[in-house]
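Heads up: the structure comes next, in structure tokens.
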Amino acid sequence: MTRSWTSTLKLPRSTFPARVPVADQTKYLRRCSDELYAWQRENRPASDTFVLHDGPPYANGELHVGHALNKILKDIINRTQLSRGKRIHYVPGWDCHGLPIELKALQAQQKDGNDFSKGLGTAATIRKAARKLAEKTVKEQMRGFQAWGVMADWEGHYKTLDKRFEMKQLGIFREMVEKGLIYRRFKPVYWSPSTGTALAEAELEYNEKHVSTAALVKFPLVKVPDQIRNNPLIDTESLSAVIWTTTPWTLPANAAIAVSESLNYLIVQSSSHGQLLIADSRLSYFQDMLKEELQVLVPSIQGSELCQGTTYRPLFPREGTEEQPIIAADFVTADSGSGLVHCAPGHGMDDYEVCLAQGIQAFAPVNDEGCFTDEAMPDDPSYLSGKSVLDEGNGLVLQYVQSKNQLLNRHKYEHKYPYDWRSKKPIIIRATEQWFADVANIRESALASLEEVNFVPATGRQRLKNFVQNRTEWCISRQRAWGVPIPALYDKTTGQAVLTKETVSHIMNVIDERGIDAWWTDSPEDPAWIPQHLQQENSPGYRRGTDTMDVWFDSGTSWTQVADESLGKERPADIYLEGTDQHRGWFQSSLLTYVSHQVVSGKVEPSTIKAPFKHLITHGFTLDQDARKMSKSIGNVMKPDAIMNGTLLPPLKQKKSKGAKEQKPSSPVYDALGPDALRLWVASSDYTRDVVIGQQVLQTVNTSLHKYRVTFKLLLGALGDFDPKVNILQYEELHKIDRQALMQLTRLVDTCRNAFDNFEFYKAVNALNRWTNLEFSAFYMETLKDRLYTEAEDSASRRAAQTTLFHIYTYLQELLAPITPLLVEESWEHTPELVKDQLEHPLRRIARTVPAEWVDEAISNDFIDLMAANTAVKVIQESARSKKQMGSSLQSFVHFELPDNASLDIFQRYLNELPDLFVVSSVSLSVKGSDLPNEIASAEWSYAEEFALPNSGKKATAHVYAPNQAKCPRCWRYVAPEPVAEEALLCERCDNVIGQLEHN
């Protein structure tokens, strides 16, 4: 009977499962996140704390893959810093105030049968419903974030609705009040009729294809320069100035017409519309619009002359405004329209500034809903009153202008127009009484502070600077109920606002005692809110305001939540990381409030003012596999849970049942790889651009994750009988192949460390994938199997292989720890106890650099030629296989003809290891011109292939031929004696190993 030698081989055995054990995921998740965070807070020095400040996600709705991209990127950074020996401070936060939550809460109340038209929609009721919704959403989102393996101080999380947060926010507001950085004035602001509140510029998005009804309108001139009045060709009774507008609804608020002092104007004769004043460069456009040839009566009038007392008659007269002036303005150009601009200071930012300088007051006859008030047309209030300026009211204005024979042309005009980014509906510009923060006073300090910040990607620097440079003030008041109140008091008689350090401090004390909701729920007559010095005997009294703060001011002051952890540091946080849209939002509001705080404190020299972050990192948006934005209406939204449970990929193929007792699953079984699948997708993405996710991407991720598992299983199996305390060998005792493997590992470690340090995680994943597939699996493990499995257990050759694998295992754990912590945690559980005893837990370990001696350029250089030879051998073997002349690569001998003695010396130095390197049974060498071994000519088959040696560029030849010895039944190499009486004999090496086993 033929003897089986399998039991004498040291085949790898490990308890590490081939597939993710779903039942154990919760255990691994808890260990590698909550328990790890608690451990490091106890064991890492507080003096070396790394702070990643969490930009608060909005507590409104389900989590999506964009959330996953954001939170997991942060976690990878935190875990990287943990592996550098840092103590991590990462407190998650939530943005809980604002319009979307308020509206959603109102909708929920209405579904429950509450009719807000009957008074149930009071501020107190709205706030109660909104608070309940936000707190419920926070709990749901927190569970989702934790399920992704995000390591954080979950119990210590912050919410912008927390009393502690609100009091710190009001403290920053009070500082700005004290220094005069907060003020109130009647001024045009972005106003959203769809949501009934003022907006900051950060809350706008622009529709590039908005279509307006544009119009050319003429205004009859009253007073004109002498040059015009004395010209015999001019009939001053029919002379009009022409303006072009894309917002005809603003005409009732017209207060002036602006011209450019540097432009040249002319007067033309129209057969239908009389004599008209326009810019000379707009004549061709004007003729096209009127569809007539115009006669030029006065060819040249300087814009500066028109500003000297020229007036016109308004189309919508108000009491005391019989005439209105033509003024000069820098914003007037001849790029569009007529070269004259209609100014409505109540409905235009530029209009407001230029009219203010002329003493012209703003007027805005539009209410909160975006409808005209009675003041729009005092002579006939019912004509426009209550009509939407963006709809019916706009058309009625043009009808009125046409009825007065002042409308020259109306047409559709497609252009970029601002929309409310929440309601996705157009906004208007409307003058109202609002509270502003002075940005102009701190802008230069804010811009200067960005010079020391590291931006990833680098383009983020200019993007953020552009937003800051273009701001002079920040409208911080909102006309909503769900938010932090602007703590202002108003004189009941005059409406004059009172806002001082003393009044804010008093109100903060009451809030601290009663809670912030009391601002709305307490009686309007409650005197507790009014400071003593305002409670005078004959005073008409004061009322509390109803405006709330912009939610960007809420979240923008969130740096106060990490200030305590940053004691002794230059700034509150090491890193801010959010989506690229936050340049106009949270990044900017955080910068402005923090710089204001430093300016106000007076403790910081202007030249040393810092931004609140050292690194500012932005990521793109998540897109489907067709690069489309994800949308419920399209049906392409991907949920993070579906990535973790594998349902976005085809189900696993079920093995055929071996017996009647085995039941097939009643439903499809998916390859559920858990949080690590989601995390590896994030890590493998170049997040500085928009990130694509789809079935093809996820299949690649799953393949990589499975490869990591297989690698760990091989390593753990090979180390089953290895005791690092006893068996580890010194570097010089290793084989040259082992040293080359460590050189490859060195390059991997260096590449990954650099990638992690530069926040380029996808480069680390690419390097890991390349190494596991090629350098470890296809190269090193292939060369290793023979000595690892067939050598004597304690042989120097086998222990050298295990020593190398031990190093590979420990470094691979460290490299994967930030990316796939559950896999690393699981690998640790299955690590042999003898190995565990010599190591610290991989997630708690401080990642090491590789020993300098592993950098052996001489060996690495030699391997360039050796691997070229290996490629040639593989090509020949495939040719023999295709002709069914061989199967296993061990079923071949190799002989190399080398071009010279120098090349021969290189191969000679590795001769004993070449059979392992090429995975063949025998290797021999000669210099070209020498006789070839006789066995080649007599072999059953042989092939030759010429190849180049990269180091010298010279040609060598590889001969691959059939073995002339028998196959060893134990190691399968063809180096054994011929069988005796049909019984296969062992090769000399295996015979010695068996002899030792039998002796022992």
Side-chain angles (χ1 to χ4, degrees), residues 53 55 169 171-185 187-190 200-204 330-331 349-350 352-354 356-357 434-477 501 549-550 552-553 555-560 563 566 569-576 578 580 582-618:
H53 181 41
Q169 175 181 336
I172 298 300
F173 181 80
R174 178 176 56 190
E175 289 181 353
M176 296 174 71
V177 168
E178 181 184 6
K179 288 295 182 181
L181 294 177
I182 303 294
Y183 55 88
R184 180 174 174 82
R185 67 177 178 178
K187 183 184 176 185
V189 294
Y190 298 111
E201 192 170 356
E203 296 170 292
L204 304 179
D330 292 338
F331 57 76
M349 311 289 195
D350 291 334
Y352 175 82
E353 297 294 342
V354 73
L356 184 66
Q434 299 291 341
W435 291 99
F436 296 87
D438 182 0
V439 175
N441 206 29
I442 62 166
R443 183 171 53 194
E444 294 308 314
S445 295
L447 291 170
S449 74
L450 297 178
E451 294 305 315
E452 294 182 357
V453 175
N454 173 41
F455 283 80
V456 179
T459 52
R461 182 188 308 278
Q462 192 57 48
R463 181 172 167 80
L464 182 54
K465 288 177 80 170
N466 288 344
F467 279 112
V468 176
Q469 280 171 335
N470 294 328
R471 294 188 80 167
T472 57
E473 57 190 7
W474 171 8
C475 179
I476 62 169
S477 50
K501 177 187 176 183
M549 288 191 205
D550 178 10
W552 292 117
F553 196 94
S555 60
T557 58
S558 64
W559 51 265
T560 59
S566 305
K569 302 181 79 166
E570 288 187 325
R571 57 195 92 222
D574 292 285
I575 288 180
Y576 272 35
E578 299 302 328
T580 186
Q582 294 307 320
H583 285 105
R584 69 176 183 177
W586 186 60
F587 294 153
Q588 189 182 163
S589 63
S590 297
L591 175 69
L592 296 177
T593 57
Y594 185 62
V595 169
S596 295
H597 168 68
Q598 294 172 87
V599 169
V600 166
S601 72
K603 298 177 182 178
V604 182
E605 291 294 324
S607 61
T608 61
I609 284 176
K610 304 291 182 185
F613 34 75
K614 184 177 181 180
H615 303 273
L616 193 142
I617 304 173
T618 51

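Quantities reported herein were computed from a predicted structural model and do not represent experimental measurements.
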>> So, taking the atom named CD in Q434 and the one named CZ in R185, what distance separates them when rounded to the nearest 0.5 Å?
In response: 12.0 Å

>> Please identify which of these residues, Q582, H583, R471, meets the side chain to side chain donor-acceptor pair (under 3.5 Å) condition with Q588.
In response: R471

> Can you tell me how far CD1 of I442 sits from CH2 of W474, rounded to the nearest 0.5 angstrom?
Replying inline: 8.5 Å

> Can you check whether R443 reaches V468 side chain to side chain, under 4.5 Å on heavy atoms?
Replying inline: yes

>> Salt bridge or not between D574 and K569? Use side-chain N to carboxylate O under 4.0 Å.
In response: yes

> Within a strict 4.5 Å, meaning less than it, do heavy atoms of the R463 and T580 side chains meet?
Replying inline: yes

>> Could you report the tightest heavy-atom contact between S590 and S555, atom names first, then the distance?
In response: OG-O, 4.3 Å

> So how far is it from M176 CE to D438 CG, rounded to the nearest 0.5 Å?
Replying inline: 8.0 Å

> Looking only at heavy atoms, what is the nearest atom pair of S589 and G556, with distance?
Replying inline: OG-CA, 3.4 Å

> Taking the six-membered ring for Trp, are H597 and W559 parallel (under 30°), tilted (30 to 60°) or perpendicular (over 60°)?
Replying inline: tilted

> Considering only heavy atoms from C-beta outward, does the side chain of F455 approach that of K465 to under 4.5 Å?
Replying inline: no

> Does any non-hydrogen side-chain atom of T472 lie less than 4.5 Å from one of F436?
Replying inline: no

> Between R584 and W552, is any pair of side-chain heavy atoms under 4.5 Å apart?
Replying inline: no

> What distance do Y183 atom OH and I476 atom CD1 have between them, rounded to the nearest 0.5 Å?
Replying inline: 10.0 Å

> Roughly how far, to the nearest 0.5 Å, is CZ of F587 from CG of L616?
Replying inline: 4.0 Å

> Are the side chain of T557 and the backbone of Q169 linked by a donor-acceptor contact shorter than 3.5 Å?
Replying inline: no

> Is the closest side-chain heavy-atom distance between V456 and H615 below 4.5 Å?
Replying inline: no

> Between H53 and W586, what is the ring plane arrangement, given parallel below 30°, perpendicular above 60°, and tilted in between?
Replying inline: tilted

> Per the side-chain contact (heavy atoms from CB on, under 4.5 Å) rule, which among V177, I172, V595, L181 passes with V600?
Replying inline: L181

> Taking C-beta and beyond as the side chain, do S449 and L591 meet within less than 4.5 Å on heavy atoms?
Replying inline: yes

> Can you check whether F613 reaches L450 side chain to side chain, under 4.5 Å on heavy atoms?
Replying inline: yes

>> Name the residue from R461, K610, K614 that meets the salt bridge (Lys or Arg N to Asp or Glu O under 4.0 Å) definition with E452.
In response: K610

>> Tell me if the CG atom of D330 is crowded by more than 12 foreign heavy atoms within 6.0 Å.
In response: no

> Going from CG on N466 to CG on L447, what distance comes out if it is rounded to the nearest 0.5 angstrom?
Replying inline: 9.5 Å

> Near E605 CD, under 6.0 Å, is it more than 12 heavy atoms from other residues, nucleotides or ligands?
Replying inline: no

